[in-house]
Amino acid sequence: MFVDKSLKPLGVILLSGTLVIGCAASAAGAPSGPDLERSIVLLETSWDGYIFVPPKYDQDGAGFTKEVTADSTCTGWFVGKSGQMMTAGHCVDPAEGKRALLQHFLSSKGRSDLLETAIMNWKVEGTTQGAPVDRTVKAIQPSAVNDAVLTTATTVQIVDFRSFEQGDLALLKASGLSKDTPALSIADVTPQVGGQLTSIGFPGSVLNFADPSRIPHASFKSGTVSSQQVSPQGVSVLEVSTDMSGGMSGGPTVNSDGQVVGINSFGVLNPSTGAEMAGTNFITETKDLRTFLDSHDVPLAQSASKSSFPVLPVIAGVVVAAFVIAGATAALLFRRRRTAVAAPAPAGEAAAAGGVSAAGLRDDPVGGPETTHAQPMSHPAPVTVGSAEPIPAQDHEPSRTDDPDTETHYCSNCGFEHHPGEKFCPRCGHAAG
């Protein structure tokens, strides 16, 4: 046996060789349940081979048995857009196939007590002499799931796997699909102890209970990270409190953002009763999962939290804003240029008309309610977009004389009337001349 007696992989072994499927309701509070379920698949592995029964136990003296077939179920999930999916390594490991065939055979003979002895000592071969047991893996999704890709049982390729002892990971691929598969994203870092998690899969107990005419919905089990441990083989695993059971092996455990942090791997058996200990289960480590996928050049899906920022709308908004600012700036420069080159208007005509000059500034009588003067400066005062008047910097009343004999002077820059003794124009600050 490749694991200690107190540890049991979570794959369900259906001894009759018939897959019994049912309907399981998703647990409340699961993060983005409907979206996540689009990526979950039910896996059925069919094992075929021949068992050599030692003479000590072979009453018929036949040696090898007739062909024996056994089925097991696990959970998988899409990790790429081109049909790539992940599951637990033990779900497709021929060593587990050997166990499944022996368990089925011995159960049919009423000798389940010989299972551990048979696993250690009996020879089990595939349909080719000396070869490992044959395996066929098929994947399917519930037709009730929105946008399900695999609505019929589809044979998938086993690209690579790591045994339970070496990390319990397997990469599968469904080829020839008509559309992209909805891949789950992988978390960047391992979750901290106490972090909220949800484990997803198809429990065998539910498969055996529910309506056999329906493909089940996946179950969602909530919990937290209990600890980080290292196996006797040096493999890091995460202990979780999510209530997993046989059949959920290979399914994803996700964080509160819906990112996969590990693959459902195994649970602990009570050594005295042989029953599974609730709330003490283990998943693969996040970094190992990412490393395994990187080694097979699987393009990882981008998480929703990283891709939800509306990049295109923001870029469009920036471009529009740039055009608006550029237009406003051009209008300001054009207005200032016209102000600088406008010819001075006769004071009498301007006062009589009370209108707008060619410079675009109101030429009301000096000191009138519409007149505002800028502080003298070396550059033209800024003007408000859409306004025909300068922005007031500081109120200033020019010196005036009521002497009719005094010669009238006008600013050579803006045409404003000013006193002969003033060295700078009170309106624009230009040197008088």
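As the structure is a prediction and not an experimental result, all values here were calculated from the model. In what follows, every heavy atom counts, from backbone to side chain, and hydrogens, waters and symmetry copies are set aside.
Note on ring orientation: taking the six-membered ring where Trp is involved, the planes of Y57 and W122 are tilted (angle from 30° to 60°).
E165 and S163 share no donor-acceptor pair across their side chains, judged by distance under 3.5 Å alone. T127 and D134 share a donor-acceptor pair across their side chains, judged by distance under 3.5 Å alone. Checking E285 against T190 by side-chain atom types alone, a donor-acceptor pair falls below 3.5 Å.
Listed here is the closest heavy atom pair of L36 and G258: CD2-O, 3.8 Å. Residues F161 and P94 come closest through the heavy atom pair CZ-CD, 3.8 Å.
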How far apart are the C-alpha atoms of S82 and Q84, what are their side-chain angles, what is the distance that settles it, and do they pass the side-chain contact (heavy atoms from CB on, under 4.5 Å) test? CA-CA 6 Å; S82 301; Q84 302 97 328; 3.5 Å; yes
Step by step, would you call F292 with M86 a side-chain contact (heavy atoms from CB on, under 4.5 Å)? CA-CA 10 Å; F292 181 76; M86 287 296 297; 3.8 Å; yes
Begin with the C-alpha distance, continue with both residues' side-chain angles, and end with the deciding distance and a verdict on side-chain contact (heavy atoms from CB on, under 4.5 Å) for I215 and Q141. CA-CA 7 Å; I215 301 297; Q141 293 179 283; over 6 Å; no
Show, in sequence, the C-alpha distance, side-chain angles and deciding distance for F202 and I40, and conclude whether the side-chain contact (heavy atoms from CB on, under 4.5 Å) test is met. CA-CA 9 Å; F202 297 95; I40 310 302; 3.7 Å; yes
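Annotation: the span from S72 atom OG to R135 atom CZ amounts to 11.5 Å, rounded to 0.5 Å. Atom OG1 of T69 is separated from atom CG of D48 by 3.5 Å, given to the nearest 0.5 angstrom. The distance from the CG atom of N255 to the CG atom of L197 is 7.5 Å, given to the nearest 0.5 Å.
Surrounding NZ of K66 are at most 12 heavy atoms belonging to other residues, nucleotides or ligands under 6.0 Å away. More than 12 heavy-atom neighbours from other residues, nucleotides or ligands sit within 6.0 angstrom of NZ on K173.
Partner of V79 under the side-chain contact (heavy atoms from CB on, under 4.5 Å) criterion, out of T87, V260, I186, L289: I186 alone.
A salt bridge links D188 with R290; the closest basic N to acidic carboxylate O contact falls under 4.0 Å.
Two residues are said to be in side-chain contact when any heavy atoms from C-beta on lie closer than 4.5 Å; T198 and S222 meet this criterion. Taking the side chain as every heavy atom from C-beta outward, W77 and M85 never approach each other to under 4.5 Å. Contact of the R111 side chain with the D113 side chain is registered, since non-hydrogen atoms from C-beta on lie closer than 4.5 Å. The shortest distance between side-chain heavy atoms of L172 and Q157 does not fall below 4.5 Å.
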